[in-house]
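See below for the structure under consideration.
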Amino acid sequence: MAQANPFQDPLRFERRVPSCAVVIFGANGDLTKRKLLPSLYRLAFERRLPQGFAVIGISRTAMSDDDFRRKMEDSVKEFLENSPFDQALWDDFSRGLFYISGDVADEDLYQRLGTRLEEIAKARQTAGNVLFYLSTQPSHYGQAAGGLGRAGLARASNGAWRRLVVEKPFGHDQASARELENQLHEHFSEDQLYRIDHYLGKETVQNILAFRFGNPLFEPLWNRQYINHVQITAAESIGVEGRGAYYQEAGALRDMIQNHLLQVLATVAMEPSAVFEPTAVRDERAKLLRSIRVYKPGEVAENAVAGQYGPARVGGKDLPGFREEPGVDPHAMTDTYAAVTFQIENWRWAGVPFYVRSGKRMPKRVTDIAIRFNPVPHSLFVTEGDGGEAINTARPNMLILRIQPEEGISLRFSSKQPGAGMKLRPVSMDFNYGTSFGGRTPTAYETLLVDAMVGDATLYTRQDMVEASWAAVQPILDVWSGHEAEQFPNYPAGTWGPKASDEMLARRGHEGRVP
Amino acid sequence: MAAAVEEIRAEKLLKDLANVWKELNQTETNYAVVRACSMTLLVVTTGDGDEQDLAGTLGDLMHSHPCRYIVLRLVDTPEPEFAARVFAHCQLAFGRRQQLCCEQIEFTATRDRIPDFYAVALGLTVADLPVLLWVRDARLLAEPELAQILPLARPLIVDSAQFVDAKSGLADLEKRRQAGWRIKDLAWSRLTVWRETIAQMFETSGCRNLVNRVDRIEVKGRFGPTGSDVQYLAAWLSERVPGAAITATGSGVQRIRLVAGGQRLEVNDAGEALVATTLDGMVTRVPDPVRSDASLLEEELSILGPDPIYDATLRAVARLTH
């Protein structure tokens, strides 16, 4: 057994990444260039990487190690966020970059990879630990996992570890998610699998846990007795931006709600785990996801709304409708907007609707979670309306957890308006991360890459969570697949989505927020 | 907004501060003004000409640790002096639409008025938030007058790199630590990169099993007498590997060499980087840019509770130098 390192200082040093090699399938792709290599370089800059470290890129393009290094240097320079580029550091870091060209379907690739990994383990002292990262097309996941397994690369000797990171989507529907699971599990055990959902790596999403379980003030109120409903919004102002072909097969429900937003919902609604440890936290998330009511086909129309943006003139600029976007079928039935009322069937949340919506071409880019508390049981502050009706001037409290772009927390409460009489007005108490924690926060990929190398799967999705979230959205997808073409488009670009979405909330006596 | 000697009272200064905020909100039309405060930082300094430097440091620090700054500038004037002014540091918050502002109360005083400062400062610290004292000019630690204001805060920040006699300076810090102060030394923060590089060396597969076989350590500085940096590293290493023979010379760390099981591991200073050489000549470059006081303070202020490794090191320094 390895001896403890007496030189570590956990108060001052960041978490230790053990010696390892990272093997990236799809090394010539966008994700590698935009996110993975810049994140790894930044981790080197922050002294988070071990001295025994290497990256092996794999893709079909023929390239030498030096070509790959040059290409990655260009990418890091271009996509490094809020960070300086240090040439000397890059020269040192890039000595640990290697490249193998090959097709994931070719068994020989894995033999060559195995040989190279052995050489690199000796030369770079990576201790035989390997993190495989699938950044390829999802249709290649099974082949790559199978190839690694058959070449004996999914298991290591001498106590070294092998892990496999998989990018979303984890299947296209419930059936394909199970099929993918079977392919991955043929050679990798569940504890070797790291399904990445970059939303969970965002500092502000992680902070939901700190906010809920680190502050005794709110947790006693966090249940059906005090909370009336929850609205989770993830709006994008942009359209499909060149991803039309991909997006028309996915849609907002698959692309955002099935994974990112259901994970956010689970983080907001889960029970506290006994310890902050990967299995315990993920057990609670999974339990919550399994508590989501699975709708019968007849219930879908009442609880889910699909939308697709049409053309509009916004701010003096003509924006195309989704069907006019490049690469998109002019009759596409894709949902560029989806709103779903989720119901959590457990003691804490029974009867509290969770309205989750996501859309493209909305008026602005914003992601937030609004928790609306119950009104006071009996109001002292009532005024008379025009028709003589009693109007309660005490508005219910609202807690807003802002994820992007202005990360923070706001609490809305009622306050007396200055002057005679007792008129109440809602005011907001704001906490802004920027004013309390300045400096640079790590990107989601930096956080998640370190976690995978360290072996901390807390922020990664587990198979039972994937299945539970598919179970929650599959009936909706099934019903929507029978939509009539003339229903779309049903909201103009630059608006907050179709009217039916507001009506869905209104049926329960609630009002859609404008975030 | 300077106040005359007889007028300096905490209530009056707090009222002046309230007026500063009122004026800022009235005059600023482009950006919202947000007052931020997560602690009180008392700063004691001397001399002229460092106003800009200190303002820059506090301005940089407010990004990560927005504070109410209470600055005492000690002056040597023939007549007793005690004056105060209040103002706000404002910066646009990271490309946002808000101006992030911190408040500062700055006193100028001759040494005989230190008790007056103490009395006023007691009423100026922000309630329910941590209070820290940074003695920016380390020479002041030797002055008996300073003892009058040390009780204002338990965390005491110094920079032992300024000590003329590092041995007695560190011994004095250890005495203060034993008396209940929580010592924070910027010189220690400067060594984080060295310590972390050493720790990382022993994470590699080749070196992991050498940890318990380190039998000889050399910490070498560039310049003359042994400085606090070299003493700290030697003490820290002696604490971490108690059986090893240690030699430590000079100041301005240039090299740390460890011999373990006959193998030599080294970390060398190479300007803006450290170069670590482990087994088989494997070389790693670790960025080590010159760190500003703000960056060092940021590290220290992020540890508000006990720092057992530093405390043990300071204790070991005293032990080794005896």
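We name chains A, B, ... by the order of the sequence lines, and we start the count at 1 in each one.
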(request) Side chain from CB out, backbone as N, CA, C, O: work out which of these in B:Pro242 comes under 4.5 Å of a heavy atom of chain A, or both, or neither. (result) neither

(request) With a 4.5 Å cut-off on heavy-atom pairs, point out which of A:Gly52, A:Pro50, A:Gly96, A:Ser19 contacts chain B the most. (result) A:Ser19

(message) Can you tell me which portion of A:Ala88 sits under 4.5 Å from chain B's heavy atoms? Options are side chain, backbone, both or neither.
(response) both

(request) State plainly whether the residues B:Glu196 and A:Arg48 are in salt-bridge range, i.e. N to O under 4.0 Å. (result) no

(request) Please state whether the side chain, the backbone, both or neither of A:Arg124 comes within less than 4.5 Å of a heavy atom of chain B. (result) backbone

(request) Show your working on side-chain contact (heavy atoms from CB on, under 4.5 Å) between B:Thr192 and A:Arg47 and close with a plain yes or no. (result) CA-CA 11 Å; B:Thr192 297; A:Arg47 310 196 300 270; 3.9 Å; yes

(request) Could you tell me which portion of B:Ser189 (side chain, backbone, both or neither) has an atom closer than 4.5 angstrom to a non-hydrogen atom of chain A? (result) both

(message) Test side-chain contact (heavy atoms from CB on, under 4.5 Å) on A:Phe53 and B:Gln200; report intermediate values, then the result.
(response) CA-CA 11 Å; A:Phe53 185 75; B:Gln200 288 285 25; over 6 Å; no

(request) Could you check which of A:Ala123, A:Ala127, A:Pro18 has the highest count of heavy-atom pairs closer than 4.5 Å to chain B? (result) A:Ala127

(message) For A:Asp91, is there an ion pair with B:Arg285 - N to carboxylate O distance below 4.0 angstrom?
(response) no

(message) For B:Val211 versus A:Pro6, what's the shortest heavy-atom pair and its separation?
(response) CG1-CD, 3.2 Å

(message) Within the 4.5 Å heavy-atom criterion, are A:Gln51 and B:Thr197 side-chain neighbours or not?
(response) yes

(request) Please name the pair of heavy atoms, one in A:Ala44 and one in B:Pro287, separated by the smallest distance, quoted to 0.1 Å. (result) O-CD, 4.3 Å

(request) Counting only heavy atoms closer than 4.5 Å, note whether B:Val241 contacts chain A via side chain, backbone, both or neither. (result) side chain

(message) So B:Arg195 and A:Phe13, do their side chains get closer than 4.5 Å, heavy atoms only?
(response) yes

(message) Between A:Gln125 and B:Arg208, is there a side-chain heavy-atom distance shorter than 4.5 Å?
(response) no

(request) Could you pull out the closest heavy-atom pair between B:Pro306 and A:Leu11, with the gap in Å? (result) O-CD1, 3.5 Å

